[in-house]
Amino acid sequence: MEKAHDVLIRNLCEHTALAEEDLAEIRALTFTQRDLEPNEDFIRQGDEPEHSVLVVSGMVARYHLLGSGRRQYLAFHLTGDLPDAQGLFIDQMDHGLSALGPALVAFIPHRELFVAFRRRPTFGLAVWRETLLDAAIFREAITNNSARPMQTRMAHLFCELFYRARAAQLVRGNRCRVPISLAQLGETLGMAIATVNRSLAELRRSEVMDLRDGELIVMKWRELQRLGGFNPTYLHLKRQSSPRM
């Protein structure tokens with residue numbers, strides 16, 4: 001398995017040019033790894049953060065916990081992502097993070113990161129850019145859930161996940177791991193479970209994609225992109241190109 005610091009370097013280099021001195025600074029950081037079970041929470045609303053988290057493998061979800069106990073999923077994070085980089089700049093977490101399937105994460109002490117940022121400002125800017133990319137995904141999710149028809153918003157989410165997985169080198173052929181349950185899809189897209197089933201069935205009938213046993217399969221990328229109205233520019237992945245399907 002790829003080492004944690006190499007995972008972080010590969011992700012940051014997708015959007016920021018880092019010098020050898022920046023890479024050396026990253027490799028000197030302390031990474032404390034932790035294996036997670038499916039649906040295990042590892043950051044909770046109200047926590048006072050002292051570490052930032054790197055997704056080393058697997059997939060994790062950011063969510064708001066409602067007063068009723070229900071969850072609103074806000075974003076999904078893949079290998080290489082820093083899902084709580086915002087925690088560097090806030091005193092209390094206003095959201096939680098949970099593993100979807102089995103996952104491996106690494107915790108990096110905030111105190112080490114701040115020292116590294118002072119020594120290597122370009123590294124600090126790269127992590128800051130991670131928070132801006134998260135904000136862009138949030139804005140797109142708001143638009144998706146409030147302004148797009150049900151089937152379109154589901155297709156858009158699948159496009160985003162597949163495109164980001166490809167950038168993270170997680171796609172094999174036309175498949176990638178997306179261990180999201182139907183209930184979690186509903187809590188992400190603002191759909192009742194019956195609407196989730198209907199929208200997914202419509203996408204399957206169009207033969208552009210499938211979601212089975214925690215795996216997203218894309219048969220016709222361009223058609224799925226058209227159905228979802230998906231334009232990847234908001235992801236700001238400079239080295240990424242569109243799949244050829």
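In this text the structure is predicted, and so the values were computed from the model without any measurement. The basis for the numbers below is simple: all heavy atoms, side chains too, and nothing from hydrogens, waters or symmetry mates.
Using a 4.5 Å cut-off between side-chain heavy atoms of Ile, Leu, Val, Met, Phe, Trp and Tyr, with links allowed through other members, V218 and M59 fall into the same hydrophobic cluster. No continuous path of ILVMFWY side-chain contacts below 4.5 Å connects F42 to L104, so the two sit in separate hydrophobic clusters.
Using a 30° and 60° split on the angle between ring planes, F76 and Y73 fall in the parallel class, below 30°. Relative orientation of the F31 and H5 rings is tilted, given thresholds of 30° and 60° on the angle between their planes.
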Go through the steps for L170 and R177 under the test side-chain contact (heavy atoms from CB on, under 4.5 Å), then give the verdict. CA-CA 8 Å; L170 301 174; R177 289 293 299 167; over 6 Å; no

Given the rule in the side-chain contact (heavy atoms from CB on, under 4.5 Å) test, do L113 and F123 qualify, once you have shown the distances and angles that lead to the verdict? CA-CA 9 Å; L113 286 169; F123 172 40; 3.9 Å; yes

Please test H236 against H15 for side-chain contact (heavy atoms from CB on, under 4.5 Å), starting from the C-alpha separation and ending with a verdict. CA-CA 7 Å; H236 303 284; H15 53 68; 5.7 Å; no

Which is it for L133 and L235 under the side-chain contact (heavy atoms from CB on, under 4.5 Å) test, yes or no, and what are the steps along the way? CA-CA 6 Å; L133 297 179; L235 295 172; over 6 Å; no

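Side-chain contact between R10 and T79 is present, with heavy atoms from C-beta onward closer than 4.5 Å. For the pair V105 and L97, the minimum side-chain heavy-atom distance is 4.5 Å or more. With contacts defined as side-chain heavy-atom distances shorter than 4.5 Å, the pair R164/I137 qualifies. Contact annotation: the side chain of E21 never approaches that of T122 to less than 4.5 Å [non-hydrogen atoms, C-beta and beyond]. Side-chain contact between M219 and V208 is absent, with no heavy atoms from C-beta onward closer than 4.5 Å. No side-chain heavy atom of N144 sits less than 4.5 Å from a side-chain heavy atom of E160. A heavy-atom distance below 4.5 Å is found between the side chains of L185 and L157. Residues F158 and L227 form no side-chain contact, since every pair of their non-hydrogen atoms from C-beta on lies 4.5 Å or further apart.
Nearest approach of M93 to G87, heavy atoms of both residues: SD-CA, 4.0 Å. Between D22 and A19, the shortest heavy-atom distance links the atoms OD2-N, 2.8 Å. Nearest heavy atom pair, residue A4 against residue L54, reads O-CD2, 3.2 Å. Residues E130 and L12 share a closest heavy-atom pair of CG-CD2, 3.7 Å. Across all non-hydrogen atoms, the minimal contact from K220 to S206 is NZ-O, 4.3 Å. For L65 against G69, the heavy-atom pair with the smallest separation is CD1-O, 3.5 Å.
Going from atom OG of S146 over to atom CZ of R153 covers 8.0 Å, rounded to the nearest 0.5 Å. To the nearest 0.5 Å, the span separating CG on D6 from CZ on R27 amounts to 5.5 Å. The CD1 atom of I43 sits 5.0 Å away from atom CG of D84, with the distance rounded to the nearest 0.5 Å.
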Using atom types as modelled, flag every donor-acceptor pair under 3.5 Å from a side chain in residues 187-198 to any protein atom, sequence neighbours excluded.
unit_1 : atom_1 : unit_2 : atom_2 : d
T188   : OG1    : Q184   : O      : 2.7
N197   : ND2    : I193   : O      : 3.3

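With sequence neighbours left out, R226 forms a side chain to side chain contact (heavy atoms under 4.5 Å, CB included) with E223.
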